[in-house]
Amino acid sequence: MKRILDRVREFTEARRIMAMGLYPYFRPIESEQGATVTMDGREVVMMGSNNYLGLTNHPEVKKASQEAIDRYGTGCAGSRFLNGTLRIHMECEAALAHYMRTESALVYSTGFTTNQGVIASLTGRDTHVFIDRSDHASIIDAVRLSFGKDIKFNHNDMEDLEKRLQLYPDKPKMIVIDGVFSMEGDIAPLDKIAELAETYDADVLVDDAHAIGVLGDNGRGTASHFGVEDKIAGTIGTFSKSLASIGGFFTASEEIIHYLKHHSRALIFSASPPPASMAAVIKAIEIIEREPERIERLWTLTNYLKKGLEEYGFNIGHCETPIIPVYVGDNLKVFEACIRLQEEGVFVNPVVAPAVPADQSLLRLSLMSTLTEEHLDFAISKLVKVGEEVGFIEAKINR
Ligand code: PMP
């Protein structure tokens, strides 16, 4: 009979890649996550962080976190529901609701658990949950955890979504999508999704992990970008990207938040996020509102990098945001490229199946507003060198 440890021993793939010297995961960074980072004692240009607005090492953000530790200590020792609500959690929720122009907000300990806590508790046994095939793993897991039925539609394919919505006229329906898709960097057509939702009586939730601080008025996200803020039921977000910390949040009407506070298991049965994180978020929001030029700068750099990569013939798909995929289409080549790029002084992330279909493996580049055009020129030149070497762009004489 099979034992559970058999599956552990049978997993040899990662060790095979390690033996080849091509393992690109768990690479330690020895400094704060700025435009450049230190790895193995060397400076490397950071082209793979989600610190979009460069706020995780902003002096004011760090100071606010330090002051919160001095006042409240390092942890909360309980869940929001019982002894883990500190005054600073409520201040953070008020700041989030104000920033997002919603009635209420609720903080969770990560973006991952926010999806679990929100989706699973709003979904009943007869709820049909429509999810994009490229939705983030935390959405897919949340639907699995819920009692609802999951229905996947093809990535950003509105005809496919409509066909599937038509099949269940009498069921409660919820559509959950990434506002900005975390691997491909494209944007969900939320205006069309909101229209379909209205026609077929569905409620829409948007996971804006990669859109907050990036898209829409003052970085308020995808619904703001499309002018449909009043047509969505709620927005899920994370603090681990533009908001310079760790944790997650949900913004919605007071009625929905009230319900979640009394039904959301990921909230009620898990400890609340630490005070230092709350203080960082409050300060990050203040800076984002005070310095909109950070978002402008992020977009200037995005356009600069996209143009540069296209000029050299890289396949960057339909990316529309500071997440820029460079399609390679072969896992081993992706791994080799990551390792070689780090040796050449550039950090990028590998993305292979199952995060993307196997023939669409890619190098995921993501930008920070604190990078410079010189950093990007350097990164492009190294991508060209490694791309020719590994064979994901064609070598051109006299380039
Ligand atoms: N949703 C999306 C779209 C994400 O990309 C991520 C994280 N990468 C999450 C949720 C989870 O957020 P967190 O890292 O805060 O758990």
Side-chain angles (χ1 to χ4, degrees), residues 25-26 33 48-53 55-56 89 92 96 100 105-120 129 131-146 152 155-156 175-188 190 193 204-216 219 221-223 225 232 234-251 264 266-267 270-274 276-278 280-281 284-285 319-325 348-352 354-356 362 364-368:
Y25 300 110
F26 299 97
Q33 215 163 101
S49 178
N50 299 308
N51 176 19
Y52 293 119
L53 301 177
L55 295 176
T56 57
H89 290 114
C92 185
L96 284 161
M100 295 292 286
L106 191 58
V107 298
Y108 285 77
S109 296
T110 67
F112 200 101
T113 54
T114 308
N115 270 322
Q116 289 194 344
V118 172
I119 296 169
V129 191
I131 52 178
D132 188 294
R133 283 190 194 283
S134 294
D135 271 355
H136 189 259
S138 55
I139 297 178
I140 293 166
D141 283 11
V143 181
R144 259 189 218 151
L145 192 68
S146 78
K152 293 200 174 85
H155 180 49
N156 275 351
I175 304 170
V176 191
I177 44 117
D178 286 19
V180 168
F181 286 89
S182 53
M183 298 301 147
E184 299 89 344
D186 51 352
I187 302 173
L190 195 53
I193 291 172
V204 182
L205 299 183
V206 184
D207 178 342
D208 259 349
H210 296 277
I212 301 293
V214 175
L215 268 190
T222 313
H225 174 73
I232 61 161
T235 303
I236 295 128
T238 175
F239 300 148
S240 62
K241 310 194 193 302
S242 295
L243 296 179
S245 183
I246 173 126
F249 69 93
F250 184 58
T251 49
S264 187
L267 181 88
S270 183
S272 50
S277 292
M278 300 298 94
V281 171
I285 291 173
C319 75
E320 300 168 274
T321 66
I323 299 171
I324 303 186
V348 302
N349 283 306
V351 179
V352 300
V356 290
L362 56 95
R364 181 182 184 277
L365 277 54
S366 46
L367 291 173
M368 264 179 286

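All values derive from a computational prediction rather than experimental measurement. Residue numbers run from 1 in the order of the sequence given. One-based numbering, in listed order, for ligands and for the atoms of each.
Atom CG of Asn115 and atom CD1 of Ile139 lie 5.0 Å apart (nearest 0.5 Å).
Where the criterion is an N or O separation shorter than 3.5 Å, residue side chain and backbone included, Val180 fails it with respect to ligand 1. For a threshold of 3.5 Å applied to N or O pairs, the pair formed by Lys241 and ligand 1 contains at least one separation below that value. The shortest N/O to N/O separation between Ala209 and ligand 1 does not fall below 3.5 Å.
Near Thr238, the atoms of ligand 1 lying under 4.0 angstrom from a non-hydrogen atom of the residue are 12 (O), 13 (P), 15 (O). Set against the non-hydrogen atoms of Gly247, the atoms of ligand 1 under 4.0 Å away are 15 (O). Proximity to Ser240 (heavy-atom distance under 4.0 Å) selects the following atoms of ligand 1: 13 (P), 14 (O), 15 (O).
In this structure, Ser138 is part of the shell of residues with a heavy atom less than 4.0 angstrom from ligand 1. Residue contact check for ligand 1: Ala137 places no non-hydrogen atom closer than 4.0 Å to it.
Inter-residue side-chain proximity for His89 and Pro273 is flagged as met; some heavy-atom pair is nearer than 4.5 Å. Within the 4.5 Å cutoff, no side-chain heavy atoms of Val176 are placed close to those of Asp207.
Minimum heavy-atom separation, Ser272 to Ser109: C-OG, 3.7 Å. A pairwise comparison of heavy atoms in Ala209 and Lys241 identifies O-CD, 3.6 Å as the closest pair. Counting all heavy atoms, side chain and backbone alike, Gly185 lies closest to Thr321 at O-OG1, 2.9 Å. Contact between Val107 and Leu267 at its shortest, heavy atoms only, is O-CD1, 3.4 Å.
In terms of protein heavy-atom proximity, atom 12 (O) of ligand 1 is nearest to Gly111 CA, 3.4 Å. Shortest contact from atom 1 (N) of ligand 1 to any protein heavy atom: Asp207 OD2, 2.6 Å. Residue, atom and distance of the protein heavy atom nearest to atom 16 (O) of ligand 1 are Phe112 N, 2.9 Å. When hydrogens are left out, the protein atom nearest atom 9 (C) of ligand 1 is His136 CE1, 3.5 Å; that is the closest non-hydrogen contact. The closest protein non-hydrogen atom to atom 5 (O) of ligand 1 is His210 NE2, 2.7 Å.
Side chains of Thr56 and Gln33: a donor-acceptor N/O pair is absent below 3.5 angstrom, by distance only.
Between Phe239 and Phe249, the ring planes lie parallel to each other; the angle is under 30°, not in the 30° to 60° tilted range.
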